[in-house]
There are 2 protein chains.
Amino acid sequence: MTKPKYKIIADHVRDKVVSKQWLEGDRIPSETELSELFLASRMTARKAVEQLVAEGLLERSPSIGTFVKAPKAQSSLLEIKNIRDEILERGHEHKVVVLSKNSLVPNDKVALELSSWDVKVYKVVILHFENNTPIQLEERYVNASFVPEFLDQDFTKKTSSEYLNKVAPLSEAKMMVEAIMPSKILSHHLNLNENVPCLKITRTTFSSHTPISICYLYYPADKYRVTSHLLI
Amino acid sequence: MTKPKYKIIADHVRDKVVSKQWLEGDRIPSETELSELFLASRMTARKAVEQLVAEGLLERSPSIGTFVKAPKAQSSLLEIKNIRDEILERGHEHKVVVLSKNSLVPNDKVALELSSWDVKVYKVVILHFENNTPIQLEERYVNASFVPEFLDQDFTKKTSSEYLNKVAPLSEAKMMVEAIMPSKILSHHLNLNENVPCLKITRTTFSSHTPISICYLYYPADKYRVTSHLLI
DNA sequence: GCACTATACTGGTATATACAACAAATATCT
DNA sequence: AGATATTTGTTGTATATACCAGTATAGTGC
């Protein structure tokens with residue numbers, strides 16, 4: 001299970017970019033330099049760079065170099081923002097309680113979305129608090145073969161979606177918004193009064209055309225809403 | 001300006017796929033076969049295939065082959081579609097009942113969104129049926145100075161959003177999705193059972209940066225949901 | 001007929017090499 | 001000093017080669 005060399009290089013470069021050690025517009029080492037740094041051939045270094053260009057992190061200019069690309073403006077429609085950033089942007093405090101971590105064989109519905117019948121799936125249930133008020137219950141299933149170390153993460157330090165976006169950058173997402181009446185257990189976790197509905201968001205995220213994760217997000221309807229802004 | 005060989009190969013294969021000469025699930029020629037067909041090296045043929053895999057047209061299975069991938073379901077991104085088209089697309093019947101038409105001075109909330117304190121506002125309330133089941137209650141406020149003839153329209157023939165899009169083409173939209181418990185009157189119109197929540201969509205539409213209309217759309221939660229598909 | 005083995009084929013990784021097109025820096029000439 | 005030519009560095013394309021790890025098929029032995 002040794003990681004291919006081009007992936008090692010790609011991971012290393014991606015880390016430099018997402019950790020902001022290399023900033024937007026910076027020129028990264030040339031393909032030849034990368035190949036020397038990692039004791040690989042130019043073709044291998046090139047393959048790593050190609051992958052990151054496809055992910056949208058880098059941008060090439062022939063005869064000049066490869067540069068860190070500006071992040072997508074991407075405020076737009078029903079954006080995929082992680083709950084922590086959202087809460088911090090409102091100037092509030094974010095707290096997390098991990099309710100469960102499991103490795104399991106997916107049920108049909110989850111397996112269908114992750115198109116992974118033969119593989120394991122990881123499941124986590126996490127409760128998010130905004131200023132000590134429960135704001136989101138996150139029930140997340142992750143394709144274990146693509147993110148093998150998912151369960152080892154400490155989600156109190158980095159949210160699950162932050163981690164996923166790091167190891168398998170988001171390329172595509174499907175969302176569904178429903179209104180439901182909460183089950184008793186859900187009502188308990190979200191500390192809901194009687195007769196308060198929930199917003200249920202089902203979100204499937206893809207990385208390079210592969211479904212990585214499906215999550216069910218439950219919000220108290222009296223404290224949360226989804227917005228989008230669409231330019232035509 | 002000669003096209004690189006790998007692009008020629010990729011274009012050729014892509015054409016086979018989109019023209020349905022090669023169908024979903026079909027195995028395409030192996031990399032070696034492609035290289036022989038196009039008098040190229042395997043690496044070049046491989047690069048063509050890699051590109052098409054990245055585009056999502058093909059799918060690889062190590063030791064087995066490369067296959068034509070199932071096309072993406074492709075609902076579009078939280079599109080602003082009008083309810084009639086939506087229902088007709090599902091192959092169902094659409095019926096409309098206009099509950100009220102008014103001309104009034106806007107309350108603060110509506111006026112703020114339409115940024116029209118000094119002008120009149122038109123209001124319509126319309127109930128939409130899908131196969132004789134109430135599916136949407138539309139409460140719409142329109143900036144009267146921009147759409148003076150709004151109230152004269154027959155909304156059973158053309159929906160309000162169709163008409164608006166014709167006289168003031170949509171350039172921008174803001175949406176908000178919430179879950180609410182219906183009021184008694186709403187529950188009655190939507191023919192809801194007890195304890196069924198509603199999806200409330202608040203949508204403000206703009207034409208050339210001017211807010212034209214704000215509408216509140218109420219849906220029975222057990223019969224409706226909002227989806228979006230986001231490509232990054 | 002059945003089980004096992006060998007072979008051929010597939011995509012995945014990795015390298016070495018070569019040349020083209022272009023840009024920027026450097027050196028050279030006038 | 002200024003214009004021109006050369007060199008160097010960069011990405012882009014293309015090939016030949018090698019080996020690995022799987023799968024599928026054909027062949028072999030029983």
Side-chain angles (χ1 to χ4, degrees), chain A residues 1-14 16-17 22 25-69 115-119 143 145-146 148 168 207-210, chain B residues 1-14 16-17 22 24-70:
Chain A
M1 172 27 232
T2 63
K3 195 178 282 195
K5 205 179 270 191
Y6 77 92
K7 273 191 187 162
I8 295 177
I9 303 178
D11 287 349
H12 187 269
V13 173
R14 191 191 299 107
K16 290 283 186 185
V17 173
W22 294 348
D26 283 1
R27 220 199 83 182
I28 73 162
S30 73
E31 296 171 355
T32 324
E33 285 168 339
L34 280 176
S35 70
E36 285 162 359
L37 275 170
F38 289 89
L39 304 176
S41 73
R42 187 195 146 204
M43 294 307 289
T44 305
R46 181 175 173 75
K47 187 164 184 180
V49 173
E50 260 167 9
Q51 183 178 322
L52 297 174
V53 169
E55 286 176 15
L57 267 76
L58 302 180
E59 200 170 14
R60 305 175 114 147
S61 291
S63 11
I64 302 185
T66 303
F67 301 84
V68 178
K69 196 172 171 182
S115 42
S116 63
W117 260 274
D118 46 353
V119 300
N143 193 326
S145 58
F146 283 91
S207 188
S208 50
H209 304 288
T210 307
Chain B
M1 196 333 262
T2 62
K3 196 179 280 193
K5 204 178 272 192
Y6 76 92
K7 275 191 185 163
I8 296 178
I9 303 178
D11 288 348
H12 187 270
V13 173
R14 189 188 301 104
K16 290 283 187 186
V17 174
W22 294 349
E24 174 189 338
D26 283 1
R27 221 199 81 181
I28 73 162
S30 73
E31 296 172 354
T32 323
E33 286 167 339
L34 280 177
S35 69
E36 285 161 0
L37 276 170
F38 289 89
L39 304 176
S41 73
R42 184 192 150 205
M43 294 307 290
T44 304
R46 181 176 172 74
K47 188 165 182 179
V49 173
E50 259 168 7
Q51 183 177 322
L52 296 174
V53 169
E55 287 175 16
L57 267 77
L58 302 180
E59 200 170 14
R60 305 176 116 147
S61 290
S63 351
I64 302 184
T66 303
F67 302 84
V68 178
K69 198 173 171 181

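Below, read A as the first sequence line, B as the second, and so on, with proteins coming before strands; counting in each chain starts at 1.
Rounded to whole Å, atom P of C/dT10 lies 17 Å from atom CD of B/Glu50. If you measure from atom CZ of A/Phe38 to atom P of C/dT15, you get 13 Å, rounded to the nearest angstrom. In this structure, the CG atom of B/Leu52 is 13 Å from the P atom of C/dG11, given to the nearest Å. One atom, CD1 of A/Ile8, and another, C1' of C/dG12, lie 15 Å apart when rounded to the nearest Å. Summarising the geometry, the separation between CD1 on A/Ile64 and P on D/dG12 is reported as 11 Å, rounded to the nearest angstrom. Spacing between atom CD of A/Glu36 and atom P of C/dT15 amounts to 13 Å, rounded to whole angstrom units. Distance B/Glu31 CD to C/dG11 P: 5 Å, rounded to the nearest Å.
The side chain of A/Glu33 lies closest to D/dT10, out of D/dA14, C/dT15, D/dT10. Comparing C/dG11, C/dT15, D/dT10 by their closest approach to the side chain of B/Met43 singles out C/dT15. When distances run from any side-chain atom of B/Arg42 to the nucleotides C/dT13, C/dT15, D/dT10, the shortest one goes to C/dT13. The A/Pro4 side chain lies nearest to C/dT13 when the options are C/dT13, D/dT23, C/dG12.
For the pair A/Thr44 and C/dT15, the criterion of a side-chain N or O lying under 4.0 Å from OP1 or OP2 is met. Checking the phosphate oxygens (OP1, OP2) of D/dT11, a side-chain nitrogen or oxygen of A/Thr66 falls inside 4.0 Å. Contact between the side-chain N/O atoms of B/Lys3 and the OP1/OP2 oxygens of D/dT13 is not found at any separation under 4.0 Å. Side-chain N/O atoms of A/Ser41 include one lying less than 4.0 angstrom from OP1 or OP2 on C/dT15. Between D/dT11 and A/Arg46, no contact under 4.0 Å exists linking OP1 or OP2 to a side-chain N or O. For C/dT10, one of the phosphate oxygens OP1 or OP2 lies less than 4.0 angstrom from a side-chain nitrogen or oxygen of B/Ser30. One finds a side-chain N or O of A/Arg60 lying less than 4.0 angstrom from the OP1 or OP2 phosphate oxygen of D/dG12. For the OP1/OP2 pair of D/dT13 and a distance below 4.0 Å, the side-chain nitrogens and oxygens of B/Lys5 include no atom meeting the criterion. OP1 or OP2 of C/dT13 lies within a sub-4.0 Å distance of a side-chain N or O belonging to A/Tyr6. For C/dT13, one of the phosphate oxygens OP1 or OP2 lies less than 4.0 angstrom from a side-chain nitrogen or oxygen of A/Lys47.
Between B/Ala10 and B/Ala48, the shortest heavy-atom distance links the atoms N-CB, 3.6 Å.
Summarising the geometry, atom CH2 belonging to A/Trp22 is positioned 11.0 Å from atom CZ belonging to A/Arg27; distances are rounded to the nearest 0.5 Å.
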Checklist line | Trace of the side-chain contact (heavy atoms from CB on, under 4.5 Å) decision for B/Val49 with B/Arg60 | finding: CA-CA 9 Å; B/Val49 173; B/Arg60 305 176 116 147; 3.6 Å; yes
Margin query: Show, in sequence, the C-alpha distance, side-chain angles and deciding distance for B/His12 and B/Leu37, and conclude whether the side-chain contact (heavy atoms from CB on, under 4.5 Å) test is met.
Written below: CA-CA 11 Å; B/His12 187 270; B/Leu37 276 170; over 6 Å; no
Check: A/Leu52 and A/Thr66: side-chain contact (heavy atoms from CB on, under 4.5 Å), yes or no, with the steps?
Finding: CA-CA 11 Å; A/Leu52 297 174; A/Thr66 303; over 6 Å; no
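A side-chain donor-acceptor contact under 3.5 Å links B/Lys5 to the backbone of B/Leu39.
Contacts of B/Ile28 with the nucleic acid, taken as non-hydrogen atoms under 4.0 Å apart, are absent. Residue contacts shown for B/Leu58 are absent, as no nucleic acid heavy atom lies under 4.0 Å away.
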